[in-house]
Amino acid sequence: MSTETIVAQSRQDDVLILTIQNPPVNAFSPGVPEGLKAGLDAAAADDSVKAVVIIGGGRTFVAGADIRTFNLPREQAPDLRGTIEKLDAFPKPTVAAIHGTALGGGLELAMGCTYRVATPDAQLGLPEVKLGVLPGAGGTQRLPRVVGAQKALDMMLSGNPIKATEGKEVGLIDRLIDGDLLSGAVAFAREIADARPLPRISERGVDGAAPEVFAAARQGIKKSHRGQLSPELIIDLAEMAASVPFADGWTAEATKFMQAKDSPQSRALRHVFFAEREAAKIPGLGKDTPTLDIRRAGIIGAGTMGGGIAMNFLNAGIPVTIVETTQEALDRGLGVIRRNYENTAKKGRMSQDDVETRMGLLTPSLDMGSLADADIIIEAVFENMDVKKDIFTRLDAIAKPGAILATNTSTLDVNEIAAVTSRPESVIGLHFFSPANVMKLLEIVRADKTSETVLATSMALARKIKKVGVVVGVCDGFVGNRMVHRYGEEARRLVEEGARPEDVDAAMNALGLPMGPFQMSDMAGLDIGHAIRVHRARVSGEPEPDGWLDRIVKTGRKGQKTGGGIYDYDETRKPRPNADVQALIDTYRAEKGVTPRDISTEELTKRLAYTLVNEGAQILDEGIAARAGDIDVIYLYGYGFPAYRGGPMQYADEMGLQNVVADLERYGQTPAPLLKRLADEGESFAGLDASRGR
Ligand code: NAD
């Protein structure tokens with residue numbers, strides 16, 4: 001496309017209009033800067049032009065920089081800074097006319113103009129921090145000059161946009177335009193055409209730039225952005241905006257932008273950005289796959305999971321019928337749901353009316369027959385194959401034709417469950433994570449016969465109930481729990497060899513995980529893991545498990561719910577090591593003839609993280625996950641892996657797969673064949689995903 005078509009020039013009397021036409025979101029990609037500069041040159045050369053309006057064609061202003069151009073060498077990257085420099089030096093007034101979103105480079109472009117007008121619902125923001133970078137085209141220097149130090153820090157550190165109505169209040173928008181944006185912008189441009197001096201943002205000072213403001217921000221990011229580089233750089237630059245001439249801040253910003261952009265953290269966050277979008281695409285499934293309308297949901301079981309799952313539907317305005325076996329269980333389940341909503345209302349995050357509206361959408365029942373009109377039925381009863389088979393046999397007779405029959409099983413074979421029905425194509429696994437009303441992840445388990453429509457509907461449903469859906473295949477534990485199972489084994493082995501549980505957890509906390517393996521087991525309940533180990537041992541004919549953790553469970557310490565497990569807990573739920581537990585571990589080692597050794601933090605971190613990677617590679621090889629990126633998304637949303645590390649597979653890429661393999665071998669583990677092959681070929685998981693076109 002020619003520069004002229006990407007940025008069209010048109011005239012309304014003495015105003016030159018530059019319309020950016022780079023669908024779908026007018027990203028600042030190659031062609032846009034050239035077009036804008038050509039337009040400005042034309043306006044400068046023509047005495048009859050009194051002002052310039054820059055507007056986005058289609059549904060939005062410039063929604064941001066084009067992230068795909070981040071990896072281009074600087075000379076090939078679209079010249080946003082040069083364009084803004086030209087705007088800042090421009091001798092005639094320029095007006096940015098904003099609708100849709102002006103994010104990142106889009107808002108920086110708008111702040112390079114002398115004025116900004118916007119539709120009231122337009123969104124304005126600098127979200128760069130979310131990608132581990134910072135506004136690199138004047139944003140850190142201009143935003144504080146417009147909205148003051150505090151507001152600028154809030155916007156740049158959260159990355160969240162504000163609406164144009166708020167933008168007007170804080171001075172970012174000069175006029176809100178209710179009717180036609182272009183006419184309003186042109187009218188505005190005529191009004192200010194002769195006003196001089198031009199109100200250039202670069203020539204203003206920063207309000208509210210007290211040292212305490214920056215000190216408080218530095219304190220704040222220790223909690224909100226622990227271990228991250230770009231927020232620190234953003235605060236440094238905002239402080240410079242207030243203390244050094246614009247030109248110096250502008251230069252420093254370019255250097256710090258490159259520093260942030262080239263950091264592993266930014267690479268990881270950009271990986272996450274793309275991985276999330278990719279995860280929404282199911283290989284082999286066309287965009288036009290028909291989906292079913294989900295107007296009513298049925299849930300079987302009002303326990304821990306059933307109640308939480310129901311809340312997701314109620315929140316989305318979808319009526320739910322929930323079925324239990326006894327009135328008592330039903331009352332208890334409904335009580336928990338109501339209490340959860342009332343707690344939210346108490347915190348002011350929901351009105352009492354909202355609580356009643358949601359509860360009003362919920363129909364309790366003791367009769368599975370009441371699910372006959374549900375478009376989807378999710379089973380969340382005890383984890384027992386016979387019970388589930390019985391339920392699916394009955395559902396087959398009750399559910400209307402075409403209804404989706406889903407199971408929330410964590411470990412059972414979805415194919416086996418589907419096989420008891422006459423319609424296995426309608427059966428799917430929907431694996432929610434606990435607490436199901438909070439955790440964002442939904443593993444969508446595709447069974448052998450699950451139809452494409454059921455799969456596509458489940459993916460769309462995930463979005464509707466605000467979950468991140470990732471498609472996985474059938475195997476014990478699916479993706480997340482299968483990996484975490486190996487990770488738990490390795491964590492216990494490390495303690496057996498000599499590490500203290502608190503050291504193991506601390507190593508993972510240092511990597512950025514809010515909870516290490518033992519903090520996690522104490523929260524989930526140690527008896528649950530123990531029961532799984534007992535079950536597995538029985539199935540495979542092995543002796544009853546008797547590891548140190550099994551012994552702790554047998555002392556009655558089951559985790560947070562009994563006031564203590566591997567750790568003790570006080571009211572703050574802060575874990576404290578327990579002397580009896582340590583003694584039990586010592587005795588266990590002595591019995592096994594293990595002389596405890598000191599294990600370095602490096603070894604702890606690598607053995608735990610690489611165990612995840614190794615199992616992840618195996619899962620990928622078996623086709624249980626379609627992409628390494630999907631595994632990362634699962635770990636971010638289901639297990640608190642920090643986004644700035646990108647997930648376990650991206651972390652391995654960053655460490656280098658050859659190093660990962662060498663370390664695994666050094667620690668006595670066998671690298672998965674796929675991992676070994678990629679390492680031998682000098683490849684990465686990201687490269688594998690790309691080569692598969694996924
Ligand atoms: P839970 O024991 O809290 O709840 C199960 C409920 O199902 C009970 O209230 C029980 O009365 C009810 N129930 C049993 N048989 C029934 C029947 N025939 N008809 C109607 N109701 C019946 O269990 P949970 O933790 O909610 O787990 C439910 C399912 O979710 C299991 O398959 C489990 O593996 C899976 N899951 C659990 C978690 C978790 O962290 N708890 C996470 C993901 C998946």
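Just follow the structure's listing: the first ligand is 1, and inside any ligand the first atom is 1. Only this structure's heavy atoms are used, side chains among them; waters, hydrogens and symmetry mates stay out.
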A student comparing Ile309, Thr304, Ile299 should find that the heavy atom closest to atom 1 (P) of ligand 1 comes from Thr304
What is the nearest protein non-hydrogen atom to atom 22 (C) of ligand 1, stated with its residue, atom name and distance? Val381 CG1, 3.4 Å
With heavy atoms only and a cut-off of under 4.0 Å, state how His431 meets ligand 1: side chain, backbone, both or neither. side chain
closest protein heavy atom to atom 18 (N) of ligand 1 is Ile391 CD1, 3.5 Å
If hydrogens are left out, which of Glu328, Arg394, Glu383 has an atom nearest to atom 34 (O) of ligand 1, that is, the closest non-hydrogen atom? Glu383
Once you measure the plane-to-plane angle for Tyr567 and Tyr569, does it fall in the parallel (<30°), tilted (30-60°) or perpendicular (>60°) bin? perpendicular
Go through the steps for Arg557 and Asp568 under the test salt bridge (charged side-chain N to carboxylate O under 4.0 Å, His left out), then give the verdict. CA-CA 9 Å; Arg557 298 179 64 92; Asp568 284 333; 2.6 Å; yes
Distance alone, cut at 3.5 Å: any donor-acceptor contact between the side chains of Asn408 and Lys388? no
Quick one: does ligand 1 sit under 4.0 Å from the side chain of Phe433, the backbone, both or neither, non-hydrogen atoms only? neither
Report the nearest protein non-hydrogen atom to atom 5 (C) of ligand 1: residue, atom name, distance rounded to 0.1 Å. Ala380 O, 3.6 Å
Atom 35 (C) of ligand 1: nearest protein contact (heavy atom, Å): Asn408 O, 3.3 Å
Sub-4.0 Å heavy-atom approach of Lys388 to ligand 1: yes
Give yes if a backbone or side-chain nitrogen or oxygen of Glu379 is under 3.5 Å from a nitrogen or oxygen of ligand 1, and no if not. no
Would you mind checking which non-hydrogen protein atom is closest to atom 39 (C) of ligand 1, with the distance to 0.1 Å? Met305 SD, 3.7 Å
Atom 17 (C) of ligand 1: which protein heavy atom is closest, and how many Å away? Thr325 CG2, 3.4 Å
Ion pair Glu443/Lys467, N-O distance below 4.0 Å: no
Heavy atom of the protein closest to atom 9 (O) of ligand 1 (residue, atom name, distance): Glu324 OE2, 2.5 Å
Check Gln650 against Arg645 and note the closest heavy-atom contact, atom names and distance. CG-O, 3.7 Å
Which of the atoms of ligand 1 are close to Ser410, meaning less than 4.0 Å from one of its heavy atoms? 33 (C), 34 (O), 35 (C), 36 (N), 37 (C), 43 (C), 44 (C)
Heavy-atom distances under 4.0 Å decide this one: backbone, side chain, both or neither, for Val323 against ligand 1? backbone
